[in-house]
Amino acid sequence: MKEENNNNTIKPGNFIKEIIEKDLETGKYGGRVFTRFPPEPNGYLHIGHAKSICLNFGLANEYKGKCNLRFDDTNPTKEEQEYVDSIKADIKWLGFDWEDREFYASDYFDQLYEYAVILIKKGKAYVDSCSSDEIKEMRGVPTKPGVESPFRNRTVEENLDLFEKMKSGNFKDGEHVLRAKIDMSSPNMNMRDPIIYRIRHASHHRTGDRWCIYPMYDWAHGQSDSIERITHSICTLEFENHRPLYDWFIENIGIYSPQQIEFARLNLNYTIMSKRKLLKLVQDGYVDGWDDPRMPTLSAYRRRGYTPESIRNFAESVGVAKRDNVIDVSLLEYSIRDDLNKKAQRVMAVLRPIKVVITNYPDEQVEELDAVNNPEDESMGRRKVPFSKILFIERDDFQEIPHKKFFRLSPGSEVRLRYAYIIKCEEVIKDSSSGEIIELKCTYDPDTRSGSGTSTKKVKGTIHWVSARHAVTAEVRLYDRLFNHPDPGGDKETDFIEHINPDSLETLKGCKLEPFLSAANPGDRFQFERLGYFCVDTKYSKPGSLVFNRTVTLKDTWAKIEKAKQ
RNA sequence: UGCCCGAUCGUCUAAUGGUAGGACACCGGCCUUUGGAGCCGUAUGUGGAGGUUCGAAUCCUCCUCGGGCAGCCA
């Protein structure tokens, strides 16, 4: 039933699809739809990239086209193979396939060089020998035109010779650059004779030391799209001003012209999306690597227990438009809860245990109680949970002096133990020196066993529990948002580091889990009933010493009411 | 004060000249052996002023506000 509904769901349209459908009607690209996802391998992919990946691969899938993976590796000083590998792993995990179309801008270095020669021969590019500072000075500002370089009118022959020597390594870094000759007074800064090649005596992660001149992104990007015969080149808003430049390059070289379409990148509140800032968090040790479960990277969400489906659904639900946007993180959380609610095995786990002794329960008796694996999906079956005289319950599920609407355990009150009996708290045992509650003495009502139908007794609360002698002990890590400010990177006066939430990680040791979990494997996801969704950590969990990450809490309306009271 | 882009519930996003709808969040109720899930419901929006039109979120003009652009980064 639910499946059918999913299949019938009409995917929301967006302005990019409208453009594509129009192009399909007019036959602009002969019915082809070719997109590409063009990451720079200088960091790990984050949730913002996921939006772009889902968009580009999604469009290709929907219109029976293809989507290329192309690494924009034009800056050897920042790019590394480690990032290439992580990017490929993340895209695969997300569920997309570029088949054999794994490309690199560096694959086109020879072609790009030839294109530059074409421009020089047409008198549309020149070697500038000004310093970086001089070029900056002469570029002007947006409201004031720039001035032309004294080297702007070198002859074609001189330019060809110089450019050849740049390539051959006759010059040091920064001595010369190749510039397009366009218009130093253009109101569009990108058209003020943009630099297209710079000298960089640096090893490239793929081409090694073969080159000492590297194309600028602007020179490489549009032509790479052209070489790959991309039809719809989808990028973010900040490249809108670059489009006239890309079109100028394509037209003056005289090659196939893709169509660039810009959309607004994803922003999430309480989240940093800048790769530069994420790198700082990693390098300065504020987090435990790019895959620290508090990071907004795909590898972190994966480790935290997010499913690829939930990320894809999220990417679909945020929509695609041109206005700047800030998505509420609660939408992301909704997306993973929604998915895991349908899929996750339910289990009982006591995170902060307090001992409960059922005084009227036979000392050595053990009962195997029947439990449902997932109330949302009967096909997931049932399991047995052992019950005995000594149990653990959650410390939070007992209040010595209960609130008016506290439905759980308190002195003299009754509560249902999930899948088991109704118990009553008879006595509170405290540590004589510290006053801390160390044990609860309770009695159970044998007529109230779950499913027995022998009792008409009703209680308002049901709590989870674990049999002490059967319990598996584990470590559980609770995560909260990494930043306590809705726009941690938004204020230029304040370092975003100051907005780090000091309580973003809480590590709990000695947590008690039902024995079913002893067989759990790294990556396995569960719902700990009444607490949230958790998964076995893939980095630190070992057989016999399990470590769980909390993916997300259950929506807790009681906690919300409590919070509102304060 | 140059150029480009944008402006619809709190947050996103639909409407393509014809009843402003959906999602998340919020608030209320029902249900519940997870204070989960589910179900039902309430409330909340076209930045402003003119104009065109029988009719404007949509088209036009002006204004206002927000974003982007001054790397040999991408």
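Within every chain, numbering begins at 1; the chains are lettered A, B, ... in the order of the sequence lines, protein sequences first and strands thereafter. Nothing here was measured: the structure is a model prediction, and the numbers come from that model.
Note on Tyr197(A): nothing from the nucleic acid sits closer than 4.0 angstrom, heavy atoms only. Counting non-hydrogen atoms under 4.0 angstrom, Phe239(A) reaches a base of the nucleic acid. Across all strands, Pro375(A) comes closer than 4.0 Å to base atoms (heavy-atom distances). At the heavy-atom level, Asn75(A) lies under 4.0 Å from the strands shown only through sugar-phosphate atoms. Residue Ser131(A) is classed as a base contact, given a heavy-atom separation below 4.0 Å to a base. As judged by a 4.0 angstrom heavy-atom cut-off over every strand, Gln527(A) is placed among the base-contacting residues. When heavy atoms are screened at a 4.0 angstrom cut-off, Ser132(A) is found touching base atoms of the nucleic acid. Gly140(A) comes within 4.0 angstrom of sugar-phosphate atoms only, judged by non-hydrogen atoms across all strands, and of no base. Residue Lys560(A) is classed as a sugar-phosphate contact, given heavy-atom separations below 4.0 Å to backbone atoms only. Across all strands, Phe406(A) comes closer than 4.0 Å to base atoms (heavy-atom distances). At the heavy-atom level, Met216(A) lies under 4.0 Å from the strands shown only through sugar-phosphate atoms.
Nearer the 5' end of RNA chain B, as judged by each residue's closest nucleotide, is the contact made by Asn188(A), out of Ala264(A) and Asn188(A). Nearest-nucleotide positions on RNA chain B place Arg408(A) closer to the 5' end than the other of Arg408(A) and Glu40(A).
The nucleotide whose nearest atom lies closest to any side-chain atom of Met189(A) is, among A7(B), G2(B), A70(B), A70(B).
Using cut-offs of 30° and 60° for the angle between ring planes, the Trp290(A) and Tyr83(A) rings count as perpendicular.
Here the shortest heavy-atom pairing between Asp73(A) and His204(A) reads O-NE2, 2.8 Å.
The number of heavy atoms from other shown groups lying within 6.0 Å of CZ (Arg152(A)) is above 12.
Not one side-chain nitrogen or oxygen of Arg323(A) sits closer than 4.0 Å to the OP1 or OP2 atom of G66(B). A close approach under 4.0 Å does occur between a side-chain nitrogen or oxygen of Lys555(A) and OP1 or OP2 of A37(B). Regarding contacts with the backbone of U13(B), every side-chain N or O of Ser317(A) stays at 4.0 angstrom or more from both OP1 and OP2.
Between Arg36(A) and Ser233(A), some side-chain heavy-atom pair lies under the 4.5 Å cut-off.
Ion pairing of Lys343(A) with Glu376(A) is absent here, as no side-chain N (NZ or NE/NH1/NH2) approaches a carboxylate O to less than 4.0 Å.
For the C1' atoms, the distance from C65(B) to U1(B) is 15 Å, rounded to whole Å. Rounded to a whole angstrom, the distance from the P atom of U13(B) to that of U34(B) is 37 Å.
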